[in-house]
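All of these numbers come straight from a predicted model, not from anything done at the bench. Per chain, numbering begins at 1; letters A, B, ... match sequence-line order. The figures here come from the full heavy-atom set of this structure, side chains too, leaving out hydrogens, waters and symmetry mates.
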Amino acid sequence: MDKNFQEEQFTGIIKFTPPLYKQRYQFIKDLVGKYKPKKVADLGCADCTLLWMLKFCSCIEVLAGLDICASVMKEKMHRLSPLPGDYLQPAERSLTVTLHHGSVAHKDPCMLGFDLVTCIELIEHLDQSELKKFPAVVFGFMAPSIVVISTPNSEFNPLLPGVTLFRHPDHKFEWNRAQFQSWALETARRYDYSVEFTGVGHPPTGMENVGFCTQIGVFVRKYPQTSESAQSEKPTEAVYKTVFKAVYPSLKDEKYLQNAVVSEVIFIAQIIKRSLLDHLMSEHEEYNDDPTERKSKFQPSMNCFSEDLGKRVVEKSMEPFVNGNVVYIPLKTIFSFPKVNRLCGTLEKLCKLVAGKVALSSDGSAVMFNTEHENEEN
Amino acid sequence: MVARAQRAGAHLCPCRGHRILWRGRGDALPDPPRRNAAVPSHGKPCTAAAPTLHPPGPRPSLPPAPAPGTPPAAGRPAPGTKPAAKGTALAMGLNSVKIHCQNEAVYQYHVTFSPEVECRSVRFAMLKEHRAVTGDVTAFDGSILYLPILLPQPVSLKAQKKSSGEEITITIQITKVLEPSSDLCIPFYNVVFRRVMRILDMKLVRRNFFEPAQATVLQHYRWVLDTVSSRCCPSALQIWPGYSVSIRKKDGGLFLLVDAIHKVIRSDSVLNFMHTIYKQSLSSFQDECTKQLVGSVVITRYNNRTYRIDDIDWNKTPRDSFTLTSGEEITFVDYYSKAYGITIRELDQPLLIHRPREKQTPEGRRRLDMVLLVPELTFMTGIPEIRKDSRMVKEVMREMLQTPRQHYVRLASLLRRIKDSPEASRELMRWGLSLDPDIHRTQGRVLPAERINLRHSSFIPGEDLSWNKEVTREASISAIAMNYWLLVYPKRLQDLAKDLVAAMESVCGPIGMHISRPALVELKDDRIETYAKTIRSVLSSEDKVQLLLCIISSSREDLYGAIKKLCCVQSPVPSQVINAQSLAGQSGKMRSVVQKVLLQMNCKLGGELWGVDIPLKQLMVIGMDVYHGRSRGMRSVIGFVASMNQYVVPREGRLSSRSALGMRGGGVPQQHRRCVPFAGKGAKLMPSPTAALSKVSASVFLSGVAGCRRRQQRPLARPRHRIAGKGAASAEPGSVSVAQRLGGLWPARWVPDARHPSIPSVLTKWYSRVVFQMPHQEIADSLRLCLADALQHFHEMNHCLPKKIVVYRDGVSDSQLDTVLKYEIPQMQKCFDTFENYQPSMVVMVVQKKISTNFYTLTPEQFTSPPPGTVIDHTVTSLDWQDFFLLAHHSRQGCSIPTRYICVLNTANLSCEHLQRLTFKLCHLYWNWPGTVRVPAPCKYAHKLAFLSGQILHHEPSAQLCDKLFFL
């Protein structure tokens, strides 16, 4: 945390660099980097800034936001949509971003199964009745592995200019450290979580006793949730309204995977074909009048083929061959290239993905290329 | 923006009453009362004929009957009756959707903050807090507020400045009640529509919306590229379908203009592309990268921006740092990792430079003067510069081609999606807007077919408006005999050279050309230096050369450029380059290629191929276009082409009939300045001037030009041409295949010598000039000079000056129209003062090809392209200018995109009808294509000329070639 704090001499005006809200978001980002959660929900996501930052974290596959105010979410929600560039090179991970309109005082099954739930500057906006229901919803019902709750530390308020009662007119309360910690410890105890306290926004030198400007509690569930306890008291009714949903293109999606695989297969097959033809041509060189031009053109692919070739084990049955004008390259050969292997997993999958997209031999075991075709291309 | 909007409002609002009268006319096409135009009219109602109904706007107003020399005026004749127009009505669909405004009005308010709040974003935030008062639906620019509701007046609200706690009073005062279709509303209606597109999950890239999830991936392309190159990641091309949409106010009311478009984008990074280049050309790697990348537009991986690459910084790497707005220094590597979680893999790549255009940012925000981009994180858009790989380009084009039906289906699907999405419809309804369920249907007109005149015959072309058969089998209007010409070829193509000469001899007869055997110049190899050295030495020792024909073994830009530079600049002589590959193959193919080449060479020598009847007296037609280099900082090039022969009223028994002209074939040139041997042509080049002499020459005197040398008779200086490579024998792709497709059928419509047209050839002689001007300056600067030269030449040929000048100006966007009017036109008019007592009338037409308006013909079940000659001059036309859309060409594939013509000046009193017909006639006269083309021939000539000079010569061509179409 210390690195975030760059307090100048206390001059009576507190200024945080970077701004405090950014320090809070960075705190979450660091936490995500540490625990690598797959599913993250932000309660009280407001204009979705935190979600937008989190979408770049490559461990996350599901992002959800919840807010009581639909219009504030809608204002900038489109920045959570996939970018055009995301479609050009689809990521390996999948990512779905969903925004829900609803209250943290209500339970909705769409919030189940999360690894991390963040409540940044949320609880102080809850009125008495909502705050009372909040622990049961978040800790009891959602029951994620980690919950992060941040809230203003009222002890810091005297240092903030212009703050009379609360920092924001909508705040229903602002707690000092003792109040927050006792609430947090009681909640943690009741729902079997452990809690640690920290914060962002260091007090100025000489005023350390007031504590962080924002106090943060990090709750970690003590026992891994058993599937029954998770299922036990589920209300099945959905009460939140989905206002936004974006599914990012990824290689988990068959369509994009197929593109990637077909692309790779044609690429490899082409290199192998070149290499084969080069061999043939060098054998016939003396009969050929004008081989120089063509040969020099093929040279680079030849080199790179041998490079690739060196990296894999060549079995006899996998060897590509030429029959008349047609070059056959067994899919098995292609499958042995690491990238194809990783993308497809099994040879069957490879066969399935390229079927209909690439010209295959009659038994479907090899990629076919017509060498006649060749000269037209160049 | 506000200022401009208000200005526009001031002009337009007072005239609203008039506009209503006028609106809707487009749909029903009634015949409002019109006056007979002065010139023989083939009239049909058009918007132009109703000038008084137009609001006074940027359109220059015109006194009812302009005397010669009156100030600029648009081409709107005085109101009156008009006979029914020639041409047939045609039911058409437009790619526009009518927008209905359900609200009574839009209310404009002025918002004041007291004490003053400087920052716009703070003003936005403060007003937003009062949604309870203003409602959710607002359009606010910081001081002017538009609402669909009327607020009780006056409104006074309180807000608090967060930074200081100061209390601010916000006063909202109503200023105007607007019609919901007011121009002032258009900007925020467009914002609303962008939101609608986003609701439909479309991705905004630059100004248009795309659906990358629906991409077509072209796998083939990738390996074609990779085989020549590298082992690095495979690349593929993706084609994204999308839409360009905008809400505009047109003559017919408020419309949504929709076009179904595509974006081509490479799915591998620019870094990959650089690797590919590296493998290909190690030695010239940096130059090659610069050549291929500079000027292209890239899209980034991490945000939704596009940038044009202006340069490459080879000395910088992602490890260098830059300064954030906070003042913090950070390396590119750290920045992308922190902000976007992106790890840059190659730390030694150079960085791409983008220099944002000079523009003012609101509230003078600090503007970056340079943006550095990491190649690894950027993708190239557009079709890459792999010209060689025509197969790839073809595949891309095929993928993007849409039949009118497919185009319509896509538009209809967008409309349906909007309708089916409650959220999208709601978004529009917030401002009371609703879309018609279907595209707009209306009536267009097909102009009458034009007669094509050859030397001995004339004919009406068939439906597709192409006459390849006729021009290759019938004598051209005039043909220059090739008595002394050079054939340059490398030794290894000697057989081909022989075949070529034989083929030329066999096909020259029908087109009326006489070809003597060439002087053969055999080269020992096909290196550029060999060509250049030999050509230079031959041309310097021989001054009688009429034309130089070069055979090159493959399409090589550098060799082509070298030959052209020699022949167009250094030792001016008409030249023709033929790519041997285009001649190879079946003999049938060779024959048709040779036919085209011969016709092209005839043009370059000064011959005339065909003409149409243009019964306007003492007319000069001018075409202008501008070429811009790909990279910034290069000079722009203006091509300027002016017609040199004019229509002369036929006289009984003299030159009136074509039989009289027919004897052109036999005469002997009267004067040859340089070369002698081509007999035949010179004398008859100008029948009309001779006639003109007797009739009109006395009326106008040139102050400075004495003795009228018959300049046009100077035998052939030299023209130039282009590589007859892939489809290059003619300018239009596919011309050869057309010839083949027509097969051996002699078109029934062709009647040899059916009649002798009584009108001598007109607009068949062209004078050309090229001017280089400062970087990225669209509007031509040296017009006065060009026009004065053209007029002098005209006088030399005709012994008179033209009384009407019609200028077709290509390459001007809507925002530049005013500049044409205020700057270019006065410049041209100034040159009239050079001549004594000379005040010709003038028409200036701006030609816009890149428009998004589309037509379909509506036949009962089908959507098809409308026939060539289809005109629309209502409904989707501009409120501010007199314009029309003309589809002149026949497109064999895809949708037909018409050309938009905007008349910015018309002191010639030509009716809209006449302008349309004249324009259509001119579209028949491009000699590189035996058919109609999409723009008037002078524009197309100017384009070719500017392109040759800017792209290949980098220099003005020699003045000795100015009277030939050497640039074809």
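- Across B/V205, B/I265, B/I342, B/I199, the residue that shares the most heavy-atom pairs under 4.5 angstrom with chain A is B/I265.
- Contact residues of residues 90-97 of chain A toward chain B are absent (heavy-atom distance under 4.5 Å).
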Under the side chain to side chain contact (heavy atoms under 4.5 Å, CB included) rule, what do B/N208 and B/K263 come out as? Steps first, then yes or no, please.
-> CA-CA 9 Å; B/N208 298 322; B/K263 182 162 222 70; over 6 Å; no
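- Checking B/N303 against B/T300 by side-chain atom types alone, a donor-acceptor pair falls below 3.5 Å.
- In summary, A/K255 and A/D253 do not engage in a salt bridge, as defined by a charged side-chain N under 4.0 Å from a carboxylate O.
- There is no contact between A/F244 and chain B, counting heavy-atom distances below 4.5 Å.
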Run the side-chain donor-acceptor check on residues 49-60 of chain A: report pairs under 3.5 Å with partners two or more places apart or on a different chain.
| unit_1 | atom_1 | unit_2 | atom_2 | d |
| --- | --- | --- | --- | --- |
| A/T49 | OG1 | A/D47 | OD1 | 2.7 |
| A/T49 | OG1 | A/D47 | OD2 | 3.3 |
| A/T49 | OG1 | A/R79 | NH2 | 2.9 |
| A/K55 | NZ | A/S81 | O | 3.4 |
| A/K55 | NZ | A/Y248 | OH | 2.9 |

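- Residue contact with chain B, scored on non-hydrogen atoms closer than 4.5 Å, involves the backbone and the side chain of A/P84 alike.
- More than 12 non-hydrogen atoms from other residues, nucleotides or ligands lie less than 6.0 angstrom from CZ of B/R430.
- In terms of non-hydrogen atom pairs under 4.5 Å with chain B, the most contact-rich of A/A246, A/P249, A/P82 is A/P82.
- When heavy atoms are compared at a cutoff of 4.5 Å, B/K338 approaches chain A solely by way of its backbone atoms N, CA, C and O.
- Only the backbone of B/A339 comes within less than 4.5 Å of a heavy atom of chain A; no side-chain atom from C-beta onward does.
- Taking a cutoff of 4.0 Å between a charged side-chain nitrogen and a carboxylate oxygen, B/R198 and B/E427 do not qualify as a salt bridge.
- Side-chain contact between B/Y340 and B/R301 is absent, with no heavy atoms from C-beta onward closer than 4.5 Å.
- Here B/P212 is the residue among B/P212, B/A215, B/S269 with the most heavy-atom pairs under 4.5 Å with chain A.
- When each of B/I299, B/N304, B/L204 is scored by its heavy-atom pairs under 4.5 Å with chain A, the top score falls to B/N304.
- Distance NZ/B/K203 to NE2/A/H78: 9.5 Å, rounded to 0.5 Å.
- Side-chain contact between B/T138 and B/R131: present, with at least one pair of heavy atoms (C-beta onward) separated by less than 4.5 Å.
- A 6.0 Å sphere centred on NZ of A/K22 holds no more than 12 heavy atoms belonging to other residues, nucleotides or ligands.
- With a 4.5 Å cut-off on non-hydrogen atoms, B/Y302 touches chain A through its backbone but not through its side chain.
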